[in-house]
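One structure is given here, and the rest of the page talks about it.
What you see below is based on every heavy atom in this structure, not just the backbone, and it leaves out hydrogens, waters and symmetry mates. We name chains A, B, ... by the order of the sequence lines, and we start the count at 1 in each one.
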2 protein chains.
Amino acid sequence: MSQKPTSRYVDFSKLDKTIHEKARLSIMALLAAKAEWSFQDLKSELDMSDGNLITHLRALHNSDYVSMEKDMEKRPQSKYALTATGRVAFERYLEIMEQILKMSKS
Amino acid sequence: MSQKPTSRYVDFSKLDKTIHEKARLSIMALLAAKAEWSFQDLKSELDMSDGNLITHLRALHNSDYVSMEKDMEKRPQSKYALTATGRVAFERYLEIMEQILKMSKS
DNA sequence: GAATTTCACTTTGCATCACAAAGTGAAAAG
DNA sequence: CTTTTCACTTTGTGATGCAAAGTGAAATTC
């Protein structure tokens with residue numbers, strides 16, 4: 001069933017495309033470093049437009065990597081966090097990236 | 001002149017976009033690991049179409065990251081390698097990626 | 001030596017996608 | 001009650017990743 005033969009090098013195809021995109025990698029890294037972020041904090045930290053940020057957050061949410069929690073009691077203030085799935089996927093991404101680093105340095 | 005304020009986190013905007021793209025990152029990593037590659041070897045290692053591969057190689061060449069050397073004596077057999085510029089840019093990319101790894105793991 | 005294959009491309013075309021700008025609706029602030 | 005803030009949504013555009021098919025020259029096969 002698996003068609004790609006193993007090589008001496010890293011299998012780059014395993015690099016999760018959803019995570020690899022720069023903007024989303026940034027978001028994932030921030031969410032991994034601090035548990036919960038508001039939309040506003042992510043926005044000012046990453047310096048992205050509303051539309052762009054929400055689009056990437058939605059993409060990550062659709063992959064079940066990020067949870068969106070709307071706090072409806074206080075004015076619309078959403079909280080974003082990694083899901084368990086997201087954490088696992090991100091760790092996997094980091095592992096492969098680390099292999100690339102190792103391979104590239106030697 | 002520089003408008004973006006420094007934050008506690010990694011400055012993701014410094015991640016070289018030309019290198020970050022998956023296909024080109026793969027190429028750069030392979031060229032960093034082994035000095036010279038033929039078109040054919042890159043192609044079979046990365047499992048990419050001709051058009052796709054040459055496009056990415058050309059993009060890297062246009063940024064002066066990769067040298068293309070046509071060996072005209074023997075049938076068209078091109079050799080690809082990192083330029084000095086390319087090596088520096090790639091090392092810089094790896095440094096930033098390493099910061100992201102560190103930050104994400106703690 | 002004619003036909004086929006290999007190689008390193010080029011061209012074309014499509015579909016995805018990043019991104020910005022402007023709009024929306026509700027709540028809070030003034 | 002008007003304005004601002006917040007968390008979005010909608011729309012539009014340009015870039016770009018990628019495959020498929022073509023090209024031309026050299027090497028190989030017959």
Side-chain angles (χ1 to χ4, degrees), chain A residues 3-4 11-31 34 36-63 65-81 93, chain B residues 3-4 11-31 34 36-63 65-81 93:
Chain A
Q3 64 278 61
K4 185 77 184 297
D11 187 353
F12 298 96
S13 66
K14 282 183 185 157
L15 260 192
D16 189 324
K17 210 182 164 187
T18 304
I19 296 178
H20 186 65
E21 146 64 29
K22 215 170 143 179
R24 290 191 294 266
L25 174 61
S26 311
I27 294 172
M28 292 295 280
L30 291 180
L31 293 183
K34 194 182 106 183
E36 267 198 350
W37 289 74
S38 69
F39 187 86
Q40 211 53 225
D41 288 347
L42 281 175
K43 191 185 154 189
S44 64
E45 181 65 38
L46 294 173
D47 200 27
M48 294 168 67
S49 68
D50 287 30
N52 198 13
L53 177 55
I54 198 72
T55 301
H56 288 302
L57 283 171
R58 203 181 305 151
L60 291 170
H61 181 66
N62 288 341
S63 298
Y65 288 175
V66 165
S67 63
M68 299 176 149
E69 196 186 326
K70 302 204 179 196
D71 198 344
M72 277 315 196
E73 298 163 22
K74 310 210 164 207
R75 105 189 68 176
Q77 235 226 337
S78 305
K79 291 287 185 183
Y80 298 90
Y93 175 89
Chain B
Q3 64 279 58
K4 185 77 185 297
D11 187 353
F12 298 97
S13 66
K14 282 182 185 156
L15 261 191
D16 190 323
K17 210 181 162 187
T18 304
I19 297 178
H20 186 65
E21 147 66 29
K22 214 169 142 179
R24 290 192 294 269
L25 173 61
S26 311
I27 294 173
M28 292 294 281
L30 291 180
L31 293 183
K34 194 182 107 183
E36 267 199 350
W37 289 75
S38 69
F39 187 86
Q40 212 52 225
D41 287 347
L42 281 175
K43 191 185 155 189
S44 65
E45 180 65 37
L46 294 173
D47 200 26
M48 295 168 67
S49 68
D50 287 29
N52 197 15
L53 178 56
I54 197 73
T55 301
H56 288 302
L57 283 172
R58 203 181 306 150
L60 290 170
H61 181 67
N62 288 342
S63 299
Y65 288 175
V66 165
S67 64
M68 300 177 151
E69 196 186 326
K70 302 204 181 198
D71 198 343
M72 277 316 194
E73 297 163 22
K74 310 209 164 208
R75 107 188 67 175
Q77 234 225 339
S78 306
K79 290 288 185 183
Y80 298 90
Y93 175 89

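- Here the P atom of nucleotide D:dA7 and the CD atom of A:E69 are 13 Å apart, to the nearest Å.
- Judged as a side chain to side chain donor-acceptor pair (under 3.5 Å), and not counting sequence neighbours, the contacts of A:S38 are A:D41.
- In this structure, B:F39 places its CZ atom 9 Å from C1' of C:dC7, rounding to the nearest Å.
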Heteroatom pairs (N/O) under 3.5 angstrom, protein to nucleotides 20-24 of chain C:
unit_1, atom_1, unit_2, atom_2, d
C:dA20, OP2, A:S49, OG, 3.1

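- The separation between B:I54 atom CD1 and D:dA20 atom C1' is 16 Å, rounded to whole Å.
- In terms of phosphate contacts, A:H56 brings a side-chain nitrogen or oxygen within less than 4.0 Å of OP1 or OP2 of C:dC19.
- Mapping A:K17 and A:K79 onto DNA chain D by nearest heavy atom places A:K79 at the nucleotide closer to the 5' end.
- The stretch residues 21-31 of chain A touches DNA chain C through A:E21, A:A23, A:R24, each having a heavy atom under 4.0 angstrom from the strand.
- Separating the NZ atom in B:K22 from the CG atom in A:L15 is a distance of 6.0 Å, to the nearest 0.5 Å.
- Rounded to whole Å, the distance from CG on A:L57 to P on C:dC19 is 13 Å.
- Taking OG1 of B:T18 as the reference point, atom OH of B:Y65 lies at 5.5 Å (rounded to 0.5 Å).
- Distance CG/A:L42 to CD1/A:I27: 6.5 Å, rounded to 0.5 Å.
- C:dA8 atom C1' lies 13 Å from atom CG of B:D41, rounded to whole Å.
- Taken from OG in A:S78 to CH2 in A:W37, the straight-line distance is 15.5 Å, to the nearest 0.5 Å.
- Atom-to-atom, NZ of B:K43 to P of C:dT6 comes out at 11 Å; the value is rounded to the nearest Å.
- Scored by the ring-ring contact (aromatic ring centres under 6.0 Å, His included) test, A:Y93 finds A:H20 as partners (sequence neighbours excluded).
- For B:Y80, the side chain to side chain donor-acceptor pair (under 3.5 Å) test picks out no residue, with sequence neighbours left out.
- Taking side-chain N and O atoms only, B:Q40 has no distance below 4.0 Å to OP1 or OP2 of C:dT6.
- The nucleotide whose nearest atom lies closest to any side-chain atom of B:R58 is, among D:dT9, C:dT10, C:dA8, C:dT10.
- Look at CG on B:L42: it is 10 Å from P on C:dA8, rounded to the nearest Å.
- Separating the CG atom of B:L46 from the P atom of C:dA8 is a distance of 14 Å, rounded to the nearest angstrom.
- For B:A59, the side-chain contact (heavy atoms from CB on, under 4.5 Å) criterion is met by B:R24, not counting sequence neighbours.
- Put simply, CG on A:D16 and OG on A:S63 are 7.0 Å apart, with the number rounded to the nearest 0.5 Å.
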